[in-house]
Amino acid sequence: MTSDVIIIGAGASGLAAARDLGKAGLTVTIVEARSRVGGRIFTHRDEQLDYPVEQGPEFIHGKSPEMFALINEAQLKFEEVTGRHWYVENGQLVKSREFWTELDRVMTELNHEVHDQSLESYLESLPQDEISAKAKQIAKLYVEGFHAGAIEKIGTNGLIAANEGADSIDGNRSFHLLDGYESLAHWLKEEAESLGASFLFDSQVTKIEWTSGEVRVRVGDREITANKALITVPLSLLKIGTITFDPTLPATKVEAINKLEMGSALRMVLTFTQPFWEELELPGMSKEDLSQLGFIHHAEAPLPTWWSTLPEHEPILVAWTGGPNAERLLKLSEAELSDLALKSLSQIFGVEVSMLRTYLAKIYFHNWDNDPLTRGAYAYLPVGGIDYQLTLGRPVDDTLFFAGEATCLGHIGTVHGAIQSGQRAAREIITASP
């Protein structure tokens with residue numbers, strides 16, 4: 001089997017690239033180790049719910065032009081997610097204006113930094129008064145949760161790039177697809193197929209042999225050839241050498257792969273027989289307010305961040321933690337994690353775990369750290385990471401090309417970043433094609 005381009009991985013970046021390459025008249029073969037498209041996009045359908053259960057990414061962060069161009073063309077339904085965040089402090093639920101004021105202050109000051117250093121070092125350089133101590137706690141909770149990175153590793157320049165990227169697309173707003181993220185992945189697959197692309201599922205690439213202008217990909221006992229290859233597998237798989245390159249990649253590329261970091265994130269979706277929290281009256285909040293619960297943060301809870309499906313009033317709560325806390329918790333059993341989830345809700349709402357169990361219907365959970373085709377959640381930039389990220393994304397001899405969220409400056413760790421990287425790589429391949 002010979003194609004103009006072999007794409008390794010049918011996640012968001014590979015699908016976006018396949019569509020654009022097909023539009024340019026190139027023949028494309030997509031090799032995917034899973035039995036489905038989407039990669040870390042993983043939507044589950046529960047017959048008892050009218051709402052998709054996301055076990056991978058859920059939110060569209062900001063209004064990425066590339067993302068919304070596809071959504072609008074596909075005529076997918078979406079809605080904006082509430083920006084309402086609450087914070088538990090001293091047993092009281094408070095609207096988090098102060099929370100976000102402190103976080104904005106830290107991040108605004110961070111944006112003026114020139115020297116790249118770990119976030120931990122930067123926070124230690126701030127004044128040691130009571131107000132700053134609270135701001136540091138908030139910054140740590142936010143960065144480790146959102147960026148899935150350890151503060152002793154994550155670089156300030158990488159965070160600044162992410163802040164600038166978010167600002168460029170109105171990143172303080174979030175959206176979700178009403179039919180789930182898989183609706184976008186399936187549409188991209190159909191588009192690629194309509195343009196002549198072929199898919200090989202349940203096919204894990206183990207070796208890529210290449211010379212300038214020629215690629216031979218080993219899939220089990222089969223060999224597929226092409227003029228060029230686009231590698232879109234998660235950073236973690238490149239780090240552990242799941243794919244062997246012959247000849248080996250340039251030393252600068254290998255160094256970039258080894259230096260970049262893959263973060264951990266833990267997400268649990270709890271479905272209930274009814275949205276019981278809407279009927280509770282808690283210290284610091286009125287009954288009417290609690291029915292508008294969007295996001296809630298409790299720094300002392302095992303799972304410190306939760307959100308509802310607002311503006312939809314579904315009986316669903318999602319638990320989230322990222323970074324070192326997620327990495328540690330993901331070593332526990334699913335039963336232990338379920339107990340911690342209920343314990344966290346008990347702390348947040350001030351109710352007994354036994355009461356929560358009477359309302360609990362089902363828990364959905366996928367351990368991405370243990371998933372052999374992912375080995376983590378998404379990438380983040382350590383100190384010096386921007387240079388490594390740019391190096392990872394560069395082509396090798398106009399033959400090997402690289403895409404994926406880890407390569408998208410300013411939008412690392414996002415689905416729209418993955419899509420942008422796939423479209424960028426497609427342009428590079430088209431330019432390099434005769």
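Only this structure's heavy atoms are used, side chains among them; waters, hydrogens and symmetry mates stay out.
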Quiz item: According to the interplanar angle, ranging from 0 to 90°, do the rings of Phe349 and Phe276 count as parallel (below 30°), tilted (30 to 60°) or perpendicular (above 60°)?
Solution: perpendicular

Exercise. Apply side-chain contact (heavy atoms from CB on, under 4.5 Å) to Leu70 and Arg19, showing your working.
Key: CA-CA 11 Å; Leu70 296 177; Arg19 179 176 185 260; 3.5 Å; yes

Quiz item: Residues in side-chain contact (heavy atoms from CB on, under 4.5 Å) with Ala161, at least two apart?
Solution: Ile386, Leu409

Exercise. Could you list the residues that satisfy salt bridge (charged side-chain N to carboxylate O under 4.0 Å, His left out) with Glu300, not counting sequence neighbours?
Key: none

Exercise. List in chain and number order the residues that pass salt bridge (charged side-chain N to carboxylate O under 4.0 Å, His left out) with Glu32, two or more places apart in sequence or in another chain; answer none if no residue qualifies.
Key: none

Quiz item: Among all residues two or more places apart in sequence or in another chain, which pass the side chain to side chain donor-acceptor pair (under 3.5 Å) test with Ser13?
Solution: none

Quiz item: Which is it for Ser118 and Glu124 under the side-chain contact (heavy atoms from CB on, under 4.5 Å) test, yes or no, and what are the steps along the way?
Solution: CA-CA 10 Å; Ser118 72; Glu124 288 177 351; over 6 Å; no

Self-check item: Thr156 side chain vs Gln117 backbone, donor-acceptor pair below 3.5 Å
Solution: yes

Quiz item: If only atom types and distance count, is the side chain of Thr407 paired as donor or acceptor with the main-chain N or O of Leu392 below 3.5 Å?
Solution: no

Exercise. Only one of Phe175, Phe146, Phe68 passes ring-ring contact (aromatic ring centres under 6.0 Å, His included) with His61; say which it is.
Key: Phe146

Self-check item: Approximate separation, where rounding is to 0.5 Å, of Leu360 CG and Phe272 CZ
Solution: 5.5 Å

Please report, to 0.1 Å, the donor-acceptor pairs under 3.5 Å made by any side chain of residues 310-322, with sequence neighbours excluded.
{"unit_1": "His313", "atom_1": "ND1", "unit_2": "Glu278", "atom_2": "OE2", "d": "2.7"}
{"unit_1": "Trp320", "atom_1": "NE1", "unit_2": "Gly145", "atom_2": "O", "d": "2.8"}
{"unit_1": "Thr321", "atom_1": "OG1", "unit_2": "Asn325", "atom_2": "ND2", "d": "2.9"}

Self-check item: Backbone N/O of Ile151 and side chain of Glu144: donor-acceptor pair under 3.5 Å
Solution: yes

Quiz item: If you measure from NE2 on His147 to CD1 on Ile412, what distance do you get to the nearest 0.5 Å?
Solution: 10.0 Å

Self-check item: Side chain Ser344, main chain Leu303, donor-acceptor under 3.5 Å
Solution: yes

Exercise. Step by step, work out the side-chain contact (heavy atoms from CB on, under 4.5 Å) result for Val205 and Ile224.
Key: CA-CA 10 Å; Val205 173; Ile224 307 169; over 6 Å; no

Practice problem: Please collect all salt bridge (Lys or Arg N to Asp or Glu O under 4.0 Å) contacts where either partner lies in residues 54-71, sequence neighbours excluded, each pair once. | Solution: Glu58-Arg267

Practice problem: Evaluate the criterion salt bridge (Lys or Arg N to Asp or Glu O under 4.0 Å) for residue pair Arg40 and Glu405; output intermediate values, then yes/no. | Solution: CA-CA 11 Å; Arg40 282 167 276 180; Glu405 50 86 11; 2.9 Å; yes

Quiz item: Arg222 versus Val31: any side-chain heavy-atom pair under 4.5 Å?
Solution: no

Quiz item: Is it true that a side-chain atom of Ser346 and a backbone atom of Leu342 form a donor plus acceptor pair closer than 3.5 Å?
Solution: no

Quiz item: Are side-chain heavy atoms of Leu345 and Trp277 found at a separation under 4.5 Å?
Solution: no

Quiz item: Can you list the residues that meet the ring pair (Phe, Tyr, Trp, His ring centres under 6.0 Å) rule with His366, with sequence neighbours excluded?
Solution: Phe42, Trp368

Practice problem: Report yes if the side chains of Gln292 and Thr82 come closer than 4.5 Å at any heavy-atom pair, otherwise no. | Solution: no

Practice problem: Taking Tyr181 for its side chain and Phe59 for its backbone only, find out whether a donor-acceptor pair lies under 3.5 Å. | Solution: yes

Quiz item: What's the verdict on side chain to side chain donor-acceptor pair (under 3.5 Å) for Ser421 and Arg424, showing C-alpha distance, side-chain angles and the deciding distance?
Solution: CA-CA 5 Å; Ser421 75; Arg424 180 263 306 159; 4.8 Å; no

Quiz prompt | Pairs touching residues 326-342 that satisfy salt bridge (Lys or Arg N to Asp or Glu O under 4.0 Å), sequence neighbours left out | solution = Asp339-Arg357

Practice problem: Would you indicate whether the side-chain heavy atoms of Leu26 and Ile430 approach each other to under 4.5 Å? | Solution: yes

Practice problem: Decide, yes or no, whether a salt bridge links Lys23 with Glu191 under the criterion of side-chain N to carboxylate O below 4.0 Å. | Solution: no

Practice problem: Mind checking the CD-OG1 spacing from Glu79 to Thr309? Nearest 0.5 Å is all I need. | Solution: 8.5 Å

Quiz item: Please, which pairs that meet ring-ring contact (aromatic ring centres under 6.0 Å, His included) have at least one residue in residues 375-395, sequence neighbours excluded?
Solution: none

Self-check item: Interatomic distance, Asn367 atom CG to Ser264 atom OG [nearest 0.5 angstrom]
Solution: 8.5 Å

Practice problem: Verify, without hydrogens or angle tests, whether Tyr364 (side chain) and Val53 (backbone) share a donor-acceptor contact under 3.5 angstrom. | Solution: no

Practice problem: Verify, without hydrogens or angle tests, whether Ser203 (side chain) and Phe201 (backbone) share a donor-acceptor contact under 3.5 angstrom. | Solution: yes

Exercise. Just grab all the salt bridge (Lys or Arg N to Asp or Glu O under 4.0 Å) pairs involving residues 370-384, residues at least two apart or on different chains.
Key: Arg34-Asp371

Self-check item: Results of salt bridge (charged side-chain N to carboxylate O under 4.0 Å, His left out) for Asp387 - residues two or more places apart only
Solution: none

Quiz prompt | By salt bridge (charged side-chain N to carboxylate O under 4.0 Å, His left out) - contacts of Lys228 (at least two apart) | solution = none

Quiz item: Okay, side chain of Lys259, backbone of Gly385: is any donor-acceptor separation there less than 3.5 Å?
Solution: no

Practice problem: Any chance you could measure Leu15, atom CG, to Lys189, atom NZ, to the nearest 0.5 Å? | Solution: 9.0 Å

Quiz prompt | Flag, side chain of Asp116 to backbone of Gly384, donor-acceptor distance under 3.5 Å | solution = yes

Exercise. Walk me through it: do Tyr87 and Leu141 pass the test side-chain contact (heavy atoms from CB on, under 4.5 Å)?
Key: CA-CA 12 Å; Tyr87 188 68; Leu141 176 67; 4.1 Å; yes

Self-check item: Test item: Ile208 and Ile6 side chains (from C-beta on) under 4.5 Å apart, heavy atoms
Solution: no

